[in-house]
Amino acid sequence: MHGVGDYGEQLLEEIAALNGLSCGISSTYDRVVRTRAAYLQALRALRDYDEQHGGDLMDTQYCYLQVAGPTTRAAQMLTLHKNTLLYRLNRIRQILGINLASGEDLFQPQMSFRIMLYLGLFRPRLVMAREQLRG
C-alpha cells in the first residue's frame with residue numbers, strides 16, 4: 001500500500017475545504033496490527049485541531065452523550081453558556097454528518113467513546129459519576 005501522493009493530498013484538501021472540514025491522515029500501513037498506531041496518529045490530528053481552534057469538541061460531545069441530550073444540563077456540566085454548547089454541537093453535527101436527535105446516529109460516537117475509554121485513547125476532562133448524570 002502506498003501513500004495518497006501529492007495529487008491525492010491536494011484533492012483531499014480541496015474537498016475538505018469545500019465542505020468546511022478538517023481531516024487527519026495516518027501513515028499508510030499494510031498489516032492489521034498497525035491499525036492502532038494509525039488510529040492514534042489520526043486522533044492526535046483531531047486533538048491538534050481542537051487545540052488550534054480553541055475548541056473542545058471531543059469533551060463537548062462526550063458530555064452531551066453522557067447526559068443523554070439535555071443541552072442545559074450538558075452546558076452546566078461543561079460550565080458553558082448554552083449558546084456556546086449549541087454552537088459546538090452544530091460543529092460536531094457538521095463534522096460528523098449526523099443528526100444529534102437520532103439515537104441511531106448517536107450510537108456510533110457513543111460506541112467509539114466506549115472503545116477509546118477502554119483502550120485508554122481518550123480521557124475526558126470531566127469524570128462524571130452516575131449520580132451527577134441523573135441531574
Side-chain angles (χ1 to χ4, degrees):
M1 185 175 225
H2 301 286
V4 294
D6 291 340
Y7 173 74
E9 189 173 330
Q10 179 184 2
L11 187 59
L12 185 58
E13 285 177 15
E14 289 172 10
I15 292 169
L18 285 172
N19 291 286
L21 301 173
S22 295
C23 46
I25 303 174
S26 73
S27 300
T28 59
Y29 59 99
D30 58 1
R31 296 183 311 154
V32 75
V33 296
R34 295 276 305 133
T35 301
R36 185 174 191 273
Y39 175 77
L40 288 173
Q41 190 176 29
L43 184 61
R44 276 190 300 275
L46 178 59
R47 288 193 175 152
D48 288 347
Y49 176 87
D50 262 0
E51 288 175 15
Q52 290 172 5
H53 294 87
D56 201 3
L57 299 181
M58 288 186 69
D59 275 313
T60 299
Q61 183 180 11
Y62 178 75
C63 182
Y64 177 77
L65 293 170
Q66 287 299 99
V67 299
T71 54
T72 302
R73 182 76 178 124
Q76 288 172 343
M77 294 189 80
L78 291 164
T79 62
L80 296 174
H81 188 277
K82 187 175 177 182
N83 289 343
T84 301
L85 175 73
L86 293 174
Y87 171 79
R88 287 184 183 180
L89 290 175
N90 188 48
R91 285 294 300 138
I92 291 166
R93 182 190 58 74
Q94 290 171 343
I95 291 168
L96 298 180
I98 62 173
N99 177 355
L100 294 175
S102 165
E104 186 69 26
D105 281 5
L106 292 178
F107 175 76
Q108 287 182 329
Q110 183 69 274
M111 183 59 69
S112 297
F113 275 114
R114 293 288 157 224
I115 292 168
M116 289 188 298
L117 287 165
Y118 177 77
L119 295 175
L121 301 175
F122 175 71
R123 293 202 185 357
R125 182 171 50 94
L126 292 173
V127 178
M128 297 170 256
R130 204 174 274 275
E131 303 81 48
Q132 290 176 292
L133 299 175
R134 292 190 184 122

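Counting begins at 1 with the first residue of the sequence.
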*Do the side chains of Q110 and Q66 get nearer than 4.5 Å, heavy atoms only?*
yes
*asked:* In the structure I gave you, are the side-chain heavy atoms of Y64 and L100 within less than 4.5 Å of one another anywhere?
replied: yes
*Spacing of F113 atom CZ and D59 atom CG [to the nearest 0.5 Å]*: 7.5 Å
*Counterpart residues, side chain to side chain donor-acceptor pair (under 3.5 Å), relative to D105 (two or more places apart)*: none
_Approximate separation, where rounding is to 0.5 Å, of N90 CG and L85 CG_ = 11.0 Å
*Nearest heavy atoms of R73 and V67, plus distance in Å*: CG-CG1, 4.0 Å
_Over all atoms of both residues, closest heavy-atom pair of A75 and K82_ = CB-CA, 4.0 Å
_Identified side chain to side chain donor-acceptor pair (under 3.5 Å) counterpart of R88 within the set N83, D56, T60_ = T60
*Do M58 and F107 share a hydrophobic cluster, counting only Ile, Leu, Val, Met, Phe, Trp and Tyr and linking them when any side-chain heavy atoms are less than 4.5 Å apart?*
yes
*asked:* So, using side-chain contact (heavy atoms from CB on, under 4.5 Å) as the criterion, who are the partners of L117 when residues are at least two apart?
replied: Y62, R114, F122, P124
